Amino acid sequence: MRALRLALLMLIVAAHSGCASHSTQLQDAEPRTHALNGTWSFLAGELRPAAPAAVDAETGWRDIQVPDNWYRQGHEMHGRVWYRRTFTLNAKDMDRHIRLVFNAVDYAADAWLNGHHLGHHEGYFQPFDFDISRHVRQGENTLHVLVDSPIEDPLHAWSLRKRLIKGIYSHHDTRPGGAWSPRGQERNTGGIWAPVTLELSDAAAVRTLRVTPRSQAGGAWTTHVDAAIGGEADAISEVEVHIRPENFDGAPIVQIQPVSLRRGEGLSLDIPIHQPKPWWPREHGAPNLYRLSLILRDGQRILDRKETVFGYRTFTVDPVTQAWFVNGRRLFIRGTNYISTQWLAEMDAARYAQDLRMMTEAHVNAVRVHAHIEAPAFYEACDRAGMLVLQDFPLQWGYSDSADFLAEARSQARDMVEHLQNHPSIAVWSMHNEPPWDASWMKWKYPDYAPDQNRILDDLLERDVSRLDSTRVTHKVSATYEHPWFGWYSGDWKDYGKPAVTPWITEYGAQALPELASLRRIFNEDELWPDNDQDWSKWSYHNFQRHETFDLAKVPAGSHIGEFIANTQQYQARLIKFAAESYRRQRYQPVSAIFQFMFVEDWPSINWGTVDYWRIPKPGYEALKIAYQPVLPGIDGLRDAYAAGERLSLRPWGINDLWQDIRNARYQLDLRAGERVLVQREWALDPLAADASHELGPLEIDTAGFQPGDYVLLTRIVSADGLTLGHNRYPFTITPSTQARTPVAPR
């Protein structure tokens, strides 16, 4: 489509300050959008001929709700299924431009209207549409959709030759069955999982609307608008653009522009705006948003309108330190990985708001959407919450290097950018999680492993996305060296105390069992304490990693399920807290961003979530909440256990992620046995500098005279007026000198 660059003719109206088929009867005119959600007919079974006439006579049609994933409607299956729906149009509708819009279908779809094949689409996350103006008729119309959500051959496709661009929804550790079981593609995610609508307009229609704010010198911005136009573009004589504050008070801007478009041309214009209110991440300002409305006119007649919400902000990454900068201000990233659910129709605005509320309460300031794309409501919620997003493209491990797959991946990467472009919360695009050319572990697993597999694919994706969107950073891959996994897949959790090798840590964590009440929703009573292969097989199906838990992490099972739960939860919490604090002490030397893995469990399972599937927090959530405080009083060098009389050699730290110096602050430390305060220390922090960490030690504490038992160090940073800005706690044990153990990990 050739874009027509419009001359900038600005009219400022106000200065800116800051079994049977189911049928739906459509109304004559407004509203311009008519939902086709609700009850459809559904036909599953053996593969069917790709022709609606051949399947209408079939028996076995049943009801299904749209939008939804078919698994949630009781269908445990994969492959091709038919959907059918009828709707009626009246005589007035016949003169209108009509688009059939699918907001998302998993995974591939072919659509027919009244027997006419409208087209094919591949990709589970992106909206797509068909111009049906020539194929509708007055009265009843019949829509057929053939949806294909296949599985891939675990023996030959996994993990090197996959072709479905579904990321974690087709192959991942957190899938039902896990990543390395033939059952890992069960509970299929297929279906028409997002709304289906008819959009009616007069003659011309706005198909897509992209807004790209670009900063200029002296506080000026250019609001670049691109719109794809459908229908009769030559009917448009004028466009009108409104930009008005969305979540704060302020005056609107209106531009009215005469145009002359020809069929097939798009709309492109630049709107200057002076000193708009910027979108800020939470903790550092308000996430100010604007709403842009684009109206197509033919004289006094409105042909169509489309709206989108966006924000003014810049995002860059320092090429040397890899530190993140938002609106020119450096920001240390305290992040988490996120997969909301295995079935996206399960989520809605309220559930996303709940997850983001829990994240903000845990002081998370960025989310890595791990190897998939969420539903639109998630990004809208992040925009409003001031939550930054590192957005992965849905590539997980190995894929075909064929020319047709490369073309499809590049097409869907373009879809991702166009689909999500307007969200100011998205800061980074990442193209591939642990590709084969980066994942050396694959050479031990696959005899046909090729060291350069998918390298060309990732080079092309990085180049394409960088060209499509220069306002964000494109991170080629989330590499294995960004995923240390100490204390789970390798090494010991104490290794998180060693110097980091990369600025971005995009995965770290450990598994933990959920609470007993949640486990009872997964297993029956006999299975809660697995003691045979059948029980362990079910635990494995629900993602529990037995080898990593017992042999690598060396978590003791205990003598009953209560102890088992407590031991795994304590291990996860200890690891998360220790790793996060160690990385924060290494701020910009070299660490600039950390992402704990994983925030929630995405189905009834046992995995890396600090919050279980039913959104019940584990102790790991509280550990994250402490370790991620913007102002953190930390301790380095404390061990789990000391012999009686042994000295404590500690290094207190004060960390301030805020952008303001804290004047006249104090770091306070209490060593307690129960309620008794045995030792108190205090340091002046004037100032506790912004965006910095401060080592206060060393501190030596003599434990002579301390009785064997449990002790705790309590630390806090208080303001000049006595307000606690951050707090922390570090338990340890003193043992009789004759029973002293080899010292274990520092806390």
Side-chain angles (χ1 to χ4, degrees), residues 125 165 167-168 172 281 313-326 330-339 364-374 378-379 382 387-399 409-410 412-421 423-439 453-485 500-508 583 587-588 590-598:
F125 65 86
I165 303 174
I168 54 90
H172 192 251
R313 66 106 180 94
T314 62
F315 181 82
T316 57
V317 166
D318 184 279
V320 177
T321 67
Q322 293 296 295
W324 295 33
F325 286 78
V326 180
R330 188 174 66 174
L331 177 67
F332 188 88
I333 297 302
R334 307 182 305 270
T336 189
N337 284 254
Y338 183 63
I339 306 170
V364 170
N365 63 13
V367 180
R368 178 187 174 202
V369 181
H370 180 89
H372 74 294
I373 292 170
E374 286 284 340
F378 169 75
Y379 303 97
C382 288
M387 182 69 73
L388 286 166
V389 175
L390 189 164
Q391 177 59 58
D392 285 5
F393 186 57
L395 295 182
Q396 168 79 19
W397 298 324
Y399 292 82
R410 295 175 74 182
Q412 291 202 34
R414 182 172 60 250
D415 290 345
M416 175 184 71
V417 175
E418 293 177 350
H419 176 46
L420 300 176
Q421 164 77 28
H423 294 286
S425 55
I426 298 177
V428 179
W429 306 114
S430 185
M431 306 318 303
H432 198 158
N433 187 56
E434 297 183 359
W437 61 265
D438 165 73
Q453 185 176 342
N454 292 165
R455 189 182 292 273
I456 292 175
L457 165 68
D458 295 336
D459 287 344
L460 290 171
L461 293 176
E462 180 188 35
R463 187 195 67 184
D464 290 352
V465 170
S466 297
R467 290 176 177 175
L468 284 167
D469 184 6
S470 62
T471 69
R472 295 178 173 90
V473 170
T474 302
H475 187 54
K476 182 185 295 187
V477 300
S478 187
T480 53
Y481 64 81
E482 296 178 3
H483 310 157
W485 282 111
V501 299
T502 182
W504 292 13
I505 306 297
T506 49
E507 293 179 21
Y508 72 95
Y583 286 139
R587 60 188 307 113
Y588 313 125
V591 181
S592 58
I594 60 176
F595 291 86
Q596 172 267 336
F597 185 103
M598 173 77 61

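Given the structure is predicted, the values throughout are model-derived calculations rather than measurements.
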Determine the interplanar angle of the F595 and W324 rings, folded into 0 to 90°, and report it as parallel if under 30°, tilted if 30 to 60°, perpendicular if over 60°. tilted
Classify the ring geometry between W397 and H172 as parallel (under 30°), tilted (30 to 60°) or perpendicular (over 60°). parallel
Within-4.5 Å side-chain heavy-atom neighbours: [X] and [Y]:
X	Y	value
V326	P281	yes
F393	I165	yes
R368	S478	yes
I373	L420	yes

Of all the heavy-atom pairs spanning [X] and [Y], show the shortest one and how long it is.
X	Y	value
F315	A427	CD2-O, 3.2 Å
L457	A409	CD1-CB, 3.8 Å
A439	E434	CB-O, 4.1 Å
M387	S425	O-CB, 3.1 Å

Ion pair check, R455 and D438, cut-off under 4.0 Å: no
Using the side chain to side chain contact (heavy atoms under 4.5 Å, CB included) criterion, which residues pair with R330? Sequence neighbours excluded. A323, F325, Y588, D691
Once side chain to side chain contact (heavy atoms under 4.5 Å, CB included) is applied, do any residues pair with H475, and if so which ones, sequence neighbours excluded? V428, S430, E482, W504
Would you compute the distance between atom [atom1] of [X] and atom [atom2] of [Y] and round it to the nearest 0.5 angstrom?
X	Y	atom1	atom2	value
N337	L390	CG	CG	8.5 Å
T336	I594	OG1	CD1	10.0 Å
I168	N433	CD1	CG	10.5 Å
D459	K476	CG	NZ	3.5 Å
H372	D392	NE2	CG	9.0 Å
Y338	M598	OH	CE	11.0 Å

Looking at R472 and Q421, would you say the former's side chain and the latter's main chain have a donor-acceptor pair under 3.5 Å? yes
Side chain Q453, main chain Y399, donor-acceptor under 3.5 Å: yes
Set of residues satisfying side-chain hydrogen bond (donor to acceptor under 3.5 Å, both in side chains) with respect to E462, sequence neighbours excluded: none
Within the 3.5 Å criterion, strictly below it, is a donor on W429 or Q391 matched to an acceptor on the partner's side chain? no
Report the C-alpha distance between E374 and V389 in whole Å, list the side-chain angles of each, state the deciding distance to 0.1 Å, and finish with yes or no for side-chain contact (heavy atoms from CB on, under 4.5 Å). CA-CA 11 Å; E374 286 284 340; V389 175; over 6 Å; no
Using side-chain contact (heavy atoms from CB on, under 4.5 Å), reason through R463 and R410 one step at a time and then give a plain yes or no. CA-CA 10 Å; R463 187 195 67 184; R410 295 175 74 182; 2.8 Å; yes
Run the numbers on H483 and F597 for ring-ring contact (aromatic ring centres under 6.0 Å, His included), then give the verdict. CA-CA 10 Å; H483 310 157; F597 185 103; 8.1 Å; no
Would R587 and F332 count as a cation-pi pair here, with the cationic atom under 6.0 angstrom from the ring centre and within 45° of the axis? yes
Show the numbers, then the answer: is there a side-chain contact (heavy atoms from CB on, under 4.5 Å) between L395 and N454? CA-CA 11 Å; L395 295 182; N454 292 165; over 6 Å; no
